[in-house]
Structure formats: structure tokens, C-alpha cells
Amino acid sequence: MNKPKTSFKKAVVFYLAGQVIGLIFGVLIQVMVTNTFEPKYFWDLASWLLGVLLSLLGFFYGLVGYYGIVKGLIYQVIGTLFFASLTTAIRWMAGMEPFDMNTFIFTESAWVTGALGGSIAFLAGVGALSDWFKWAKGEKTEDHRHDLKGYIKYFGVSLDHKVIGIQYTVTSLLLLSTGGLFALIFRIELSAPGLQIMDTQIYNSLMGLHGIIMIVSILLGISGVINYLVPMLIGAQDMAFPRLNAFSFWVAVPAAVLLLSSLALGGFDTGWTGYPPLSTRAPLGMSMFFVGIWVAGWSSILGALNLIVTVLRLRAKNMTAFKLPIFVWAAISTSIITLTATQMIGLSFQLVVFERILGMPFFDPAKGGNPILFQHLFWFYSHPVVYVFILPGLGIISELLPVFVRKPLFGYKWVAMSSLGIALVGFLVWAHHMFASGMNEYLRVPFMYSTLLVAVPTGVKFFSWVATLYQGKIPREIPTPMLFVMGGIVVFLLGGLTGPPNATVSTDLHLTDTYFIVGHFHDTMFGGYIFPFFASLYYWFPKATGKKLNERLGKWHFWLMTPSFLILTLFMMRVGLLGMRRRIADYDPLLQFDFWQLSMTISAYLIATAVIIFIINVIITVRGPQNATGNVWRSRSPEWQVPSPMPAHNYDHQFQVVGEPYDYGLEGSKYVEFMVDDEVKNG
Amino acid sequence: MQNKKHLIIISVLILILSGLVYYGLLASNLFPTQAANQAIPIDWLFDLELKLIAFFFSVIMVPMVYSLVVFRKSDDDQSDGPHMEGNTTLEIVWTVIPLIIVIILGIIGADNLKQVLAVDPQANEIKVVGFQWGWRFEYPQGFVSNELYLPIDQQTVLKMESSDVIHSFWVPEFRIKKDVLPGQITEYRVTPNLLGSYVVSCAELCGSKHAYMLGNIHVVSENEYTTWVDDQVKLAKEIELASLGKPDSGRGKQLYETAGCKACHSNNGSKGTGPTWSGLFGQEVTLADGSVVVADEQYLFNSIKQPALQTVEGYPSNAMPDFSYLKDGQINDLIEYIKTLE
């Protein structure tokens, strides 16, 4: 395919042009819809969001031309309009109201079908469906596509798990920054009592979006790490289903667009948990949120399927269950949850959408429904998913510690089983999110027991890490990835220790729906995902690029982020215990939370600064020399036995497992041995 | 043996750090004042959990930090550490002991819940209605108040319901919290044990003014309580008679705020869930079925008592909560208030 003439400069020009054109159109649409003109339309959020979409489109177009994501987004817009118009036409022919000015011209049902159809159109446009269409017509396709040279390959469909892993990771970092930006905005509002810079509805939307964008960012981030690493760790050329892999990544993009579009379409005031009856009456943005997550769920489910088949079928010779790298155990446990539970959130959201557009009263008590039903369906997924969030990160901690302290992972088999244990028990605890909901009084007791039970396999991991460190060879200057591993352990410890007060029902009655919970889950999310995620980025960056990230900047990143983060979450828990509810745009000045709130805002900005330092580090390093092409960490793991960056098909020669993965300290032992006679067959 | 020395030092440090952390947490005044009997077992359990947190924090942090300090190697030492793969006995110990602790904590937690839920069959009953965005308390003696008065040292059972979305009733000083649902009654039993005034705040996101959905609670002595109740009954009767005779827009304005009308009906022309009251009286109104009526006293009266019968065009047909509990005089007051709005 011809590479179009593109450049960064062009991208910036198109970006600005898109913003201006979008703003003009946005203002015009507002004028049309309200039949009045007010100067405030020029700074109204709805007007700017059209500009943001166009400017992003313009930016990508400037970078890569009419290819990949650009084509996908254009198809999504056209597809949305087409399917919305189709629904409108059908409504008109059936004698129903075709339009609804209250929901931005199209009726809500038109927007919903438009959103779904637009997502499928995106997939067609980006090229994620083309091979399957060809097969349906009886045509053959290449098994190994040659990727385009340079950065352009990251903007379209690639079948290489390493490219897809990076696509996932970069998208996840972009979403992390967006969700973080929303938090930085509303943290300004929260730094003092009273409403200073926004009204409560905007606050509710930004806060709700912060939550769900972070969640999607985490799901994409763990998919990135898993997709990038697992084939390498088990000696495979790629995942079992490369096209499904590409599909799983690309389906998340239109989903993210839908989520962000909710801001322009009235927002939603329910938080990411979307409880009816409030969510039944929320503005149109609520449905865009519901449909966005429904679409995103496909990424999780299909990605999990792919991972499980890959590990079952594509392992190297002699790589039996307890000779797998521990991260693979984490990935399997995570995928078991994702494969089986994700459907429930899709279902629960789908039911609310049906209640909204079809009038089916699942959760409306006046018509025989029950709002608590939603909570059970929702949390049946949303609790196990938090273990999805943390199991890969905890797996990374287990994977990296032995390398840095030159000692085996203590009790490897028990650590492996503990991941499965957490995954299993995680399915039995969901109603602990509902202790104050009005559910049956004593039914809460078994959920308390099961919730407390999760502490046991989690404890096995902590004790194992401590035992691995004990008498290990601690480097005099601790490298950045190890700093993040240790930080992850400490932060996750805080998160885990604040679990039991939430687990016992009576104490939870005080804690639920307060900032104590907000502190608890920020600790578990940072400790179980963010810190290990950064650790893995610093650790495997040389593997992906042949370049090592700057150590000094890395240390700045860590030492700026960690104390700030600890202050943030400890103060969250403090104000929560003293009476601060969650999801409030404003709080009573009599509670005297001013100092704590201002400190939290400052901490948030320091964390953001640390992340910016990381991004600067990445940019500088990518532009720098390739100075880390060998086994930088002296790891026994197979991917480090071949040069960096990783060759196109991972391993030119297959390897077989000849020892244990973590036998540091055992003289003369090897984990894998390459079989020079066996060339990896292409195809 | 070198190893034993390490373990002894670590154990001592664990004990010291546990103590420091626990007493540090205690000194931090983590909890609001305790104002209900139900809070007593809850705070006791919190205290137990603080001890566990302090201990397990130390059990992990001490060996970790100790290792990071004591086992630091020099730069030129590139050798591996000791080949310690694991220890099955240790694994079993640190699986079984936490399991036992967890089960015991569960048993304690279950008993604790039982204490919190203890029922006094002679509890004082009050109905609570949560709505977007305020609280209303309906006393069995036949009056409605926006402030909750509770007698000290007596169990009151609040029977709670929502007129719209899910809310939650929380008083930090009482510790307990319970969601307030539409179409269902949830129970909240509390025995206040400290005189004073407290704030109840809604603890389940319920829309734009969730942050401001607050109410006042006054815990008073038995005598003060009976006096207050009697006064309220008398007051309610007086106002009703007055309103039936001569409606008062001032009382109407008060109701507009406290009964929740202002959540949906603006008094200044701005658009809301319901039609604005500004200039409404005497205006021509187009109904959903296309017919046009004049917004006179009768129309307004019916719209408040039975809103579903005549919905205004362009507005949702069943969004208005149930206000049939309002007395005729109160509705007259409201209509009088509407008349004053240009």
C-alpha cells in the first residue's frame, strides 16, 4: 500500500483546523436546536467536543493519511448517522415521532442503533473485518502480513501481537491521561467548599467519566501487557488467533469514542455504576455510556478467549503447568474471569437501555420491577473485574522480584495457585457492594465470609514476596522497575488491609459510599495495577525497543508519585471516616475538611507531574540510541535470551524447557535451551 | 545462626511497629463522636480491626524493609542469592493461620451485626421519605416535619421509602447507613444515646443536588420530645385551618422549598423537569393530548393531587412524585405562592 505524504507538522495544522471547524459547526448546531443564539455557545462543552473529534481526526489524518484509525473514525461517524437515520425512517413509517429535539435531533433509540451500527462501521473502516469477509467469500489471505514500516503500522490493523500490545498500551496511557485530566479538573472544584468552577451536573459527568475511563484504561493496559508478553514467555510466534487479537484491540476504540461522546450528549449523573432508577431517567449521555461499555466488553471477552487458547495450545516443549512463568498463571486466571463474567455488565446495562427505549420495566417498582436486581447483576461482574485489574499486576511483581534479588520466587506453586484461588473466590463476594442496599439482612453474612476469605490467597502472595526478598541480593542502587515493584507491594498492602473493615457488615455500614471506599480502591488499583504497570514498562522497554529508559527520570517519577499518592489515599480515607460521602461536588464547610481536600488536590497534581516526567522519558529515550540490546536484567526468562528489539517472529529457533523458571542460585541451571536444529516454521 | 538472629530482630521490630501504628491510629481521632447504641459494637469491631491492620502491616513491612537494608549487596557482587525455592510447612502455616483468623473475624462480624440489628418491639416508629433533594419525616401522630426529632435512649425505627430514585440515609455519628428505595420500605433502627444535633446526608448518588441532600436531626430528652410532638400536632392543625380560610403565599413558598417542588419547577422561568411556575397562574397551557386549558386554581389543585391526569405537552408524563399527602390547605398555600410569581 502506498504510504501517503504525511508529517507531524501537517498533523498539527489539521488538528487546529479541525478544532476551528468543529467549533463553528458546534455553535451552529446549538443555535439550530435551541432556536436562540447566546455567546456562551462559544465556550459550551457541547460545541467544543465536536471540535475535539474533528481535530483528533485531523491530527491522525496528518500523521497517517486516509488509513486505519482515520478511515475507521470516518466510517463510524457515517455509520452512526446512517443507522440513526434508518431507525428514524422506520419510526416515521410506523407512525411514531421520528425526531426528538430534547435528545439532540435523533430519538434515543436512533442514537442507540446509530452507536452500535457506527461501532461495527468503525471496525469495517479500520480493516479489522476484511480478512473474515474474504474468507466468507472463499478467498485466501496471507497468514503473515508484512507490517508497514515506521510508526504508521500502529495506526491500522496489524496481526503482530507485539504491535497490538503496543497499540493497547499507548491507547491505555492516552485514556489514563484523559481520565486523569478529568480528575485534575474536578479536584480543583473539591479543594474548597462551595461551587467555584462548575455546576453539579458537569461535576457528576466528569466524575463518572473519570471512573469509567480509568477502568477501560486498566482493561486495555492489562491486555497490552498480556498480549505483548505471553507469546514470548511461552515460546510462541504469536497469539493463537491474530485476527481476533487485532479485532479485540480495535473494538475498544469506537467504544472509547462512545464513552467520550456522552459528555457532548447531555452527560450522565449516576457515576460509572449506573444504578436505576436514576439511570433510567438520566440524559442521553447515559445510553452512550451503556452502549460504549457493551461494545468494549467484546474486547475483554474475545481477548480472554484468545489468551486461554494460546496458553493451552502454543507452549514450548516441556513447558508443563508448573514450569510456566508466573505471569502466565496470572494471565490465565485473569482471562478465566474476563471470559465468563463480562457478559453480566453488558446484560445489566442492556436491560437499562431496554427500559429506557422500549419501556421494559425491569427495575421500575411501579411496574413490577426491582432496582436491587440491577445491583446484583451489575456487581456479579463488577466485583470479579477488580481481580482482573490486579491479578496481572501482582503477577508482574512475582515475575520481576526474583530477577532483581537473584533468588527463586518463594513457593512458586502456591503463588500460581493463589491467582486461581483469588479468581475463584472473587466470584462469590459481589453483594459486599450492596450491604446498605436493602438486600436481605442476614444474606449479607455469607458474603462477609467469602469476602474475608479472599485475604487468604492474597496473603500467600504477600508472604511469598517477603520470603523472596529475605536474604536476597538487593542491588545497591535499586533500579526503577524494582522501585515500582516495591511501591506496588506497599500500596497494595494498604489497599488490602483496608479490606476487612469493608468486609464486616456492621463496620461497612459506616464506610460504604464514603471517601474511605474511594481511598481503598485507589490504593488497590494503584498497588495492583498502576505501579506494576509502570514497573513492566520500565522493565520491558528495552525488550521492545533496544533502549533503556533513563534511570534518573525514572527515579524522579517514582519518588514524586509515591509519597503524593500515599498522602492522597490516606487523606481520602480520613475524610471518609469523618463523614465525607462519595460522589459529591461540594461538602459542608462545617466538616472542616479544607486542609485535607486541598492537600489531596495538590497530591493529584504532583502525581500528574510524575506521569508527565515518565512521558518525557519515553520521548527522549525513543529518540535516543539503541544501547540496551542484550539481557539487561540478567533474566532467565526466554524472551531475554534473544537480542532486543524482539525479532519479528519472536524466536528463530524454538526452545525447550530444561529447568525451573526461577532457579537463581542453582549453579549451572538453565530454564530454556534453544533447539538449533528446529527452525520455526513460517505458517 | 545468622538466620535466627535476623528472625529475632524482625519479630521484635514487628511488635514495636504494630504498637506504634495502632496507637498512632488511635491518637488520630479517626471517628466522629459516637451518638447511638448501634455505634458501640461497630466501634468495638473497628478497634479490633485497627489492631489487626497494625499487626499485619508490620508483619509485611518490617521483613521487607529489613531485607532491603540488611541484605543490600555491593556493586561488584554479581552472584545469585541462596536457592530457597520454598518451604511447604511455612506455606501451610501462613495459609491456615490467616484462614482461621478470617473465620473467627467472620463469626465476630456476624455477631456484631446481630447486635446492631437488635429489635426493640416497642420502638418508636417514624416514616421517612427521601426525595430529590431533601428529607421528609412523617410522624404517626399526623404531622409532617422537615427536621427529625428523636427521643434519647429509646429505639426508633425509621421506615423509609423514596419517591423517585435510590437515596441513602446516613448519620456518621450513628454509623449505620441504609438505602432508601422506591416502591419498597427499608428499616433503620437507631437508639440515640447522646443529646445534640446531627446531620443526615444522602449517601447514594441521586442526581444533580445529591451533595446538598441534607437534613437536621435533633436528639432530645423524652419530655422535650413529647412536648415537641404535641406542639407539632397543634401547629399542623392551626395552619391547616388558617390555610383553608386564607391561603398564605409565604407558607406556600416554604412548602415549595421543603416539600421538593423546586427540584423540578423553577420559579424564575428556567427550564426544568417540570413546567416553570413563573407566570403560570392564569396562563393558557397546552396539554399532551393537544387540548388547551387555563391554569386556574382548580387546574393547579388537580395537578398537584393527581398529576398523571393532565400532563403538559413536552414534559415527561410520570416524572412527578406523589404529593397526595399534602393537605388541602397546604395546596392552597402553594397556589397562592404561584400567583405571586410573575
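Keep in mind it's a predicted model, so treat the numbers as computed, not measured. Throughout, protein chains are lettered first and strands after them, A, B, ... in sequence-line order, and every chain is numbered starting at 1.
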Please state whether the side chain, the backbone, both or neither of [X] comes within less than 4.5 Å of a heavy atom of chain B.
{"X": "P365(A)", "result": "side chain"}
{"X": "L409(A)", "result": "backbone"}
{"X": "M482(A)", "result": "side chain"}
{"X": "Y275(A)", "result": "side chain"}
{"X": "T512(A)", "result": "both"}
{"X": "Y442(A)", "result": "side chain"}
{"X": "A455(A)", "result": "side chain"}
{"X": "N204(A)", "result": "side chain"}
{"X": "V460(A)", "result": "both"}
{"X": "T270(A)", "result": "backbone"}
{"X": "L493(A)", "result": "side chain"}

Segment of [X] engaging chain A (4.5 angstrom heavy-atom cut-off):
{"X": "I60(B)", "value": "both"}
{"X": "I107(B)", "value": "both"}
{"X": "L7(B)", "value": "both"}
{"X": "L214(B)", "value": "side chain"}
{"X": "Q132(B)", "value": "side chain"}
{"X": "V116(B)", "value": "side chain"}
{"X": "E85(B)", "value": "both"}
{"X": "I176(B)", "value": "both"}
{"X": "Q115(B)", "value": "neither"}
{"X": "W170(B)", "value": "side chain"}

Does the pair [X]/[Y] count as a salt bridge with the N-to-O cut at 4.0 Å?
{"X": "D513(A)", "Y": "R581(A)", "result": "no"}
{"X": "K178(B)", "Y": "E441(A)", "result": "yes"}
{"X": "E187(B)", "Y": "R189(B)", "result": "yes"}
{"X": "D77(B)", "Y": "K473(A)", "result": "yes"}

Checklist entry - When you look at CD of E313(B), are more than 12 heavy atoms from neighbouring residues, nucleotides or ligands closer to it than 6.0 Å? => result yes

Next on the checklist: side-chain contact (heavy atoms from CB on, under 4.5 Å), that's the test. Do C202(B) and Y212(B) meet it? Break it down for me.
Outcome noted: CA-CA 8 Å; C202(B) 173; Y212(B) 300 113; over 6 Å; no

Among [options], single out the residue with the greatest number of heavy-atom pairs under 4.5 Å to chain A.
{"options": "I42(B), N29(B), I97(B), T186(B)", "value": "I42(B)"}
{"options": "C206(B), G81(B), S74(B)", "value": "G81(B)"}
{"options": "L45(B), I10(B), V171(B)", "value": "L45(B)"}
{"options": "S162(B), S67(B), P98(B)", "value": "S67(B)"}
{"options": "V70(B), V59(B), V165(B)", "value": "V165(B)"}
{"options": "A110(B), G183(B), P63(B), S201(B)", "value": "S201(B)"}

Next on the checklist: Run F71(B) and H6(B) through ring-ring contact (aromatic ring centres under 6.0 Å, His included) and show every step you take.
Outcome noted: CA-CA 11 Å; F71(B) 301 119; H6(B) 290 308; 4.9 Å; yes

Next on the checklist: Checking Y22(B) against L26(B) for the side-chain contact (heavy atoms from CB on, under 4.5 Å) test, could you report, in this order, the C-alpha distance in whole Å, the side-chain angles of both residues, the deciding distance, and whether it holds?
Outcome noted: CA-CA 6 Å; Y22(B) 173 65; L26(B) 276 191; 3.6 Å; yes

Checklist entry - Which residue, Q375(A), H433(A), R583(A), forms the side-chain hydrogen bond (donor to acceptor under 3.5 Å, both in side chains) with T273(A)? => result R583(A)

Chain B contacts, top residue of [options] (heavy-atom pairs, under 4.5 Å):
{"options": "L494(A), T280(A), V490(A), T498(A)", "result": "V490(A)"}
{"options": "R634(A), R444(A), E477(A)", "result": "R634(A)"}
{"options": "N370(A), V456(A), V405(A), D508(A)", "result": "V456(A)"}
{"options": "D269(A), L278(A), T200(A)", "result": "L278(A)"}
{"options": "V466(A), I474(A), L511(A)", "result": "I474(A)"}
{"options": "S437(A), P500(A), G472(A), G438(A)", "result": "S437(A)"}

Is a donor on one side and an acceptor on the other found under 3.5 Å between the side chain of [X] and the backbone of [Y]?
{"X": "Q184(B)", "Y": "E161(B)", "result": "no"}
{"X": "T507(A)", "Y": "A503(A)", "result": "no"}
{"X": "S58(B)", "Y": "A54(B)", "result": "yes"}
{"X": "T468(A)", "Y": "P402(A)", "result": "no"}

Item to check | side chain to side chain contact (heavy atoms under 4.5 Å, CB included) partners for L591(A), two or more places apart | outcome: D588(A), F593(A)

Checklist entry - Roughly how far, to the nearest 0.5 Å, is the CD1 atom of I104(B) from the CG atom of L99(B)? => result 10.0 Å

Checklist entry - Checking K413(A) against F322(A): charged group under 6.0 Å from the ring centre and within 45 degrees of the axis? => result yes

Next on the checklist: Taking the ring of F410(A) and the ring of Y470(A), is the distance between their centroids below 6.0 Å?
Outcome noted: no

Next on the checklist: Could you walk me through whether F447(A) and M439(A) satisfy the side-chain contact (heavy atoms from CB on, under 4.5 Å) test, starting with their C-alpha distance in whole Å, then the side-chain angles of each, then the deciding distance to 0.1 Å, before giving a yes or no?
Outcome noted: CA-CA 12 Å; F447(A) 283 104; M439(A) 65 180 282; 4.3 Å; yes

Next on the checklist: Just to verify, what does W414(A) make a side-chain hydrogen bond (donor to acceptor under 3.5 Å, both in side chains) with, not counting sequence neighbours?
Outcome noted: none

